[in-house]
Amino acid sequence: MADQPTAYERFIQGILPENPVYRQVLGLCPTLAVTNSMNAALTMAGAVAFVLLCANIVTSLIRNLLRPHLRIVIFTLTIATFVTIADRFLAAYMYQMSKTLGPYIPLIIVNCLIICRCEVCASKQSVWTAASDAAGQSIGYALALSSIAGIREILGTGMLFGFRLLPEIWPDWVIMVLPPGAFITLGLLLGAANWIQIVQSKKTDNN
Amino acid sequence: MTTSSSTISEKSERFQNSYLLQAWLVIGLALFFGIALTGIQIALSSRIETNKKKETMEKVPEIILGANHAQNQAATDKSLKIEQRSITVDKNNRKKVYTVFETRYPDGKPAGWVAKASGQGYADKIELLFGVDPGATKLTGLFILEQKETPGLGNKITDQHWRDQFILKPTGRMLKVVKGGAKGPYEIDAITGATISSKSVTTIINKTLADIQKQLASLAANPKEDNQ
């Protein structure tokens, strides 16, 4: 297991070098669906972080008991449990937000990001490494969601968290908070991320 | 000697390969998670119910008066008085209980009724509130409490714009869902790509109204008789 990344490397990689949305292009359903406001995006990122952390820790604890052909069942079972807990908590303590997010909270169960982390990291490495991996990936996911949500909310409504950022004469680009805005924003940001990657790799080649 | 040892190892191999033994972790985890989720559900369900009830109570005046008017009234402290009732209907020898909310203006004049109803949607149960005037002759509004319809298509039943077409619809006949623009007074425009969801909502309202319309009208005409 000497070739596995350490806890610190896992943590750092999750944030930008292996960002779940911009580099791995995983978990796009909520990325597109709930980024029309910053509040919804951050709640979604929080719920995903909770589920990812718990699922990674549980999977890592039982990693030596896993049978190869039954592991996906166990991952799904674990993830579904924590998603249900998150869903019930939102309904109890953030009722309006839970109605806004609607089916997208239960749909975290099928978010590839989480099952991917269970498979790649938690089922092979120690609890501490799995937890740092979950933390890094969660921060990366929150950054990705909030970057998209920030752009969409500011351009679409001229406001962020209910505060006006753009002058009153700004003609709200309503399309940005509608579904097409999600595709436009994600496409442009993904393109930018790829462009930065290419420029950087060219620089290292020239050196 | 060799034969007996081979049967033992065969037996133990068969034992090792048994499905139940292989899946012990799955079964154990499922039981454990099930118990944990039961605990969470028991701990949180009362709070979730309170949230739902609070939302219902907030929405009742909006359904009767319209959102803007209800806010004005709430601001001037002249909000409606709401009383919860249940109406029992005998239907094919089966008793069905409906929850309705009787609303009155502060001076005691009846403002209308809001009924809670539910039924099967495209994906899951749809639960909604709809309002009628005191005589139950026309609809005053519609609000969707709970739905799990397809995001982007069926969940448009919660859009204010779509729900608003129910306002002032007469209750004399069944409402009918049509595609491509409603014209008649009993017609409801279907959501593009979500005809089944649109029909579900309309059917829930039709059925509930058919069951309780007479009772509501008679209750409104003779308010003293309602204590039985």
Side-chain angles (χ1 to χ4, degrees), chain A residues 29-30 32-34 36 40 44 50-51 54-55 58-59 61-107 109-110 118 123 178-180 182-183, chain B residues 16-59 121-127 143-159 193 197:
Chain A
C29 168
L32 292 168
V34 301
N36 53 0
M44 173 54 78
F50 165 76
V51 176
C54 296
V58 170
T59 310
L61 282 175
I62 58 171
R63 69 184 183 281
N64 293 326
L65 304 171
L66 290 175
R67 298 284 194 112
H69 60 297
L70 290 175
R71 66 185 200 288
I72 301 287
V73 178
I74 290 184
F75 296 162
T76 317
L77 195 65
T78 316
I79 295 167
T81 307
F82 290 111
V83 168
T84 313
I85 293 174
D87 181 46
R88 295 288 85 190
F89 258 92
L90 282 179
Y93 295 98
M94 298 171 74
Y95 188 65
Q96 277 316 315
M97 184 50 80
S98 120
K99 285 201 86 167
T100 314
L101 293 177
Y104 294 106
I105 290 291
L107 278 176
I109 294 174
V110 289
C118 287
S123 63
L178 295 176
F183 287 95
Chain B
Q16 286 283 318
N17 281 336
S18 103
Y19 286 113
L20 276 182
L21 200 75
Q22 285 189 32
W24 71 269
L25 187 63
V26 180
I27 298 166
L29 274 182
L31 277 177
F32 173 72
F33 284 151
I35 293 166
L37 285 182
T38 317
I40 299 253
Q41 178 66 24
I42 290 170
L44 294 179
S45 63
S46 69
R47 221 192 139 90
I48 297 172
E49 280 309 308
T50 329
N51 284 343
K52 274 190 192 166
K53 220 171 184 176
K54 207 174 128 200
E55 184 182 37
T56 307
M57 283 310 194
E58 272 169 15
K59 289 301 165 191
Y122 180 67
D124 201 350
K125 203 178 82 169
I126 297 178
E127 200 173 63
F143 184 78
I144 311 289
L145 284 172
E146 213 172 306
Q147 55 86 22
K148 293 191 173 64
E149 302 301 284
T150 321
L153 295 170
N155 73 347
K156 284 190 189 152
I157 57 173
T158 59
D159 283 1
S197 301

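Residue numbers begin at 1 in each chain, while the letters A, B, ... track the order of the sequences. Only a predicted model underlies this, so the values are computations on that prediction, with no experimental measurement involved.
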Chain B contact via [X] - which portion, at a heavy-atom distance below 4.5 Å:
X: Ile74(A); result: side chain
X: Tyr104(A); result: side chain
X: Arg67(A); result: side chain
X: Ser98(A); result: neither

With chain A, which of Glu49(B), Gln41(B), Glu55(B), Lys54(B) has the greatest number of heavy-atom pairs at distances under 4.5 Å? Glu55(B)
Quick one: are Leu65(A) and Trp24(B) in side-chain contact, heavy atoms under 4.5 Å? yes
Within a strict 4.5 Å, meaning less than it, do heavy atoms of the Leu29(B) and Ile62(A) side chains meet? yes
Could you tell me which of Val73(A), Leu107(A), Leu70(A) has the largest number of non-hydrogen atom pairs under 4.5 Å with chain B? Leu70(A)
Minimum heavy-atom distance [X]-[Y], with the two atoms named:
X: Ala92(A); Y: Leu44(B); answer: CB-CD2, 4.0 Å
X: Arg88(A); Y: Ile40(B); answer: CB-CG2, 4.2 Å
X: Thr78(A); Y: Phe33(B); answer: CA-CE1, 3.6 Å

Determine whether more than 12 heavy atoms belonging to other residues, nucleotides or ligands lie under 6.0 Å from atom CZ of Phe75(A). yes
Rounded to the nearest 0.5 Å, what's the gap from CZ on Arg71(A) to CG on Leu25(B)? Could you check? 14.0 Å
Gap between atom CZ of Arg47(B) and atom OH of Tyr95(A) - 0.5 Å precision: 13.0 Å
Applying a strict 4.5 Å limit to non-hydrogen atoms, the region of Ile144(B) in contact with chain A is backbone
